[in-house]
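See structure below.
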Amino acid sequence: MSGRRLIDIARVIRSKNAGPLHCTLDILFADDATFREALASPAMTRESMARLYGVSATTVEVIPYAAAHAIKVVLDRPVVAGSPGDSDVYGAQQHAPLLGVVL
Amino acid sequence: MDKGPRPGQALRVLAASGQLGNGIPEAALKAGLAREPHVLGCDMGSIDVGPAYLGGGRLATSPAITKRDLRLVIQGARQAGVPLLIGSAGTAGAAPHVEQTLAMIRAIAQEDGLRLRIAIIGADMDRAWLRAMAEAGRVQPIGAIGALTPATIDGAAHIVGQMGTEAFLRALALEPDIVLAGRACDTAVFAAVPLMLGYAPGPATHMAKIIECTSLCCVPGGRDAMLGTLTGESFELESMNPARAATPVSVAAHSLYEQADPLRVHEPEGMMDTTNAVYEAIDDRRVRVSGATWTPAARHSIKVEGASFVGERAVLLASTTDPRVIEKRDSIAAGVRKIVADILPGAGDYDLRFRAYGAGETNLFPGAREGLPVPAELFFLLECIAADADTAKAIIGVAKQNLLHFGFPGRLSTGGNIAFPFTPPELPAGTAYRYSIYHVAECDDLAGAFPVRMETIG
């Protein structure tokens, strides 16, 4: 399993606001086994996600959701959605850093 | 609805639209109406579209499509003889949004010769009440936004609260043809009739949470009407477009969408928990769901949203393929900024931003901007927010001309540093707002917060 990239094994990698103060990243896998293996990877911890996005780990949550074979990452938005300086009002284009993550 | 089904019997809730006004697919709506639903529900709004609509009191959707969609669901509900529930009227659900939606409904009733009894639920928060609650320490931010101060409350253009099922139940008790609600929890629109008829709130709320986005929970996802059939402890889901399939995984995955917590949903009246939910395939495009629980809140609470005026916005659209302009873009921007300040010393407070698309501008998070390749082309979006539109236009105009001709060491492109896709490349972009309030307030009197009034048309 190790060495494979998320873009090669995930079925969906997306981002979206959850309210104007949070951005959430969803990584959906095709089956439970892939989900479990990804979840066990050191690349998918809260600290790794914080490093990837260049933010403090205290502003990051990683939530496994087995029913959908999914991992959710919740980030505090650095800018309230739609405020001056925002660059993605819906938060729908913040998933790109995940694509190259190596498990 | 006195003759409606009772728990144990099938209660059919048809979700006609997750964002009314964007064009309801008609075939699926007709197919759903043919299944004899007991209620028709539509969500019309969201906070996700940004603060301009709540702040400016206007709809995000076009008047023509909004009226078309309203006509489809009003005609559908009247022909079926069932109530129509509309939540978050006019995108943001404040008084001007409700009024604009109501005006369209009045026009439809007149044009189509309909007599309609409408229960209208207001969602505008009383500012004195909100101030008192904040002073009493009973209002909390929902995330990284400041504490709610009297200045924030006074400065908001509009402040709404998300109503829950309690408000819809009061409106339904008046036996209207239509419930037109201001800002509302999307679940409340679809859970209200099940609760009125005595169905268990756990499964009713879970079903509502899934169907409020219509067929988005299917593969492939879409905007076609979705039918939820609740029997009591379980419910069945079916898209009214035969090309869309609800599967156990697609339905479970929908709990992730636009939610920070996929397992728990907080409503004014309590909390729905899907930790023990079970998703079973009935066949290849229908799913049965059970197991969600409901815990009534010890104290009722309301999510409160407010938007405040920032300024008037003007923008410049331009691009470059010159490698030296691309390389030196930050120092060029600093130079242009200084010239603007020198030429317009009396412009007051303004916010001038140089956005360079192609170099990571889309990324909100600093880590995502690292290690990107040097682009061959950049798109510049210059944005100015100033106190008034004339000042914003003046600043963006001066910035344009000086960005075009800015001299810098090693410059080759003395004909101009940037290309314009058309003229004028500087454009007014309307009024800028920001969300200033996104808080949760305890509430001792939900009925007082969300008043209902009746109007009969025709």
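Just so it is clear: chains get the letters A, B, ... in the order the sequence lines come, proteins before strands, and each one is counted from 1. Note that this is a predicted model, so its numbers are computed, not measured.
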- Message: Given heavy-atom pairs under 4.5 angstrom as the criterion, report whether the side chain, backbone, both or neither of D48(B) touches chain A.
- Response: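 When you check distances to chain A, atoms from both the backbone and side chain of D48(B) fall under 4.5 Å.
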- Item | Atom pair CD/CG of Q93(A) and L364(B) - distance to nearest 0.5 Å |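 Going from CD on Q93(A) over to CG on L364(B), the span is 11.0 Å.
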Against chain B, label [X] side chain, backbone, both or neither, depending on which of its atoms sit under 4.5 Å from a heavy atom there.
X      : value
L52(A) : backbone
V89(A) : both
Q94(A) : side chain
A67(A) : both

- Message: Which one wins on heavy-atom pair count under 4.5 Å against chain B: V79(A), D88(A), L75(A), V12(A)?
- Response: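 It is L75(A).
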- Most contacts with chain B, counted as non-hydrogen pairs under 4.5 angstrom, among V74(A), D76(A), D86(A), V55(A):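 It is D86(A).
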- Message: If you compare all heavy atoms of I63(A) against all heavy atoms of A260(B), which two are closest, and at what distance to 0.1 Å?
- Response: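 Closest approach of I63(A) to A260(B): CD1-O, 3.3 Å.
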- Query: Which atoms form the tightest heavy-atom contact between G19(A) and Y438(B), and what is the distance?
  - Reply: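 Scanning both residues, the minimum pair turns out to be CA-OH, 3.7 Å.
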- Item | Any donor-acceptor pair under 3.5 Å from K72(A) side chain to L256(B) backbone |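 Answer holds: yes.
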- Task: Keeping the roles fixed (side chain from Y65(A), backbone from A252(B)), state whether a donor-acceptor pair exists under 3.5 Å.
- Result: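 Yes, because the side chain of Y65(A) sits within donor-acceptor range (under 3.5 Å) of the backbone of A252(B).
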- Message: Please determine whether side chain to side chain contact (heavy atoms under 4.5 Å, CB included) holds for the pair C23(A) and F365(B), giving the CA-CA distance in whole Å, both sets of side-chain angles, and the decisive distance to 0.1 Å.
- Response: CA-CA 10 Å; C23(A) 181; F365(B) 297 95; 4.1 Å; yes
- Decide yes or no on side chain to side chain contact (heavy atoms under 4.5 Å, CB included) for R434(B) and V80(A), but give the supporting numbers first. CA-CA 8 Å; R434(B) 65 183 174 87; V80(A) 176; over 6 Å; no
- For H69(A) and V249(B), what are the C-alpha separation, side-chain angles and deciding distance, and is it a side chain to side chain contact (heavy atoms under 4.5 Å, CB included)? CA-CA 8 Å; H69(A) 318 316; V249(B) 170; 3.8 Å; yes
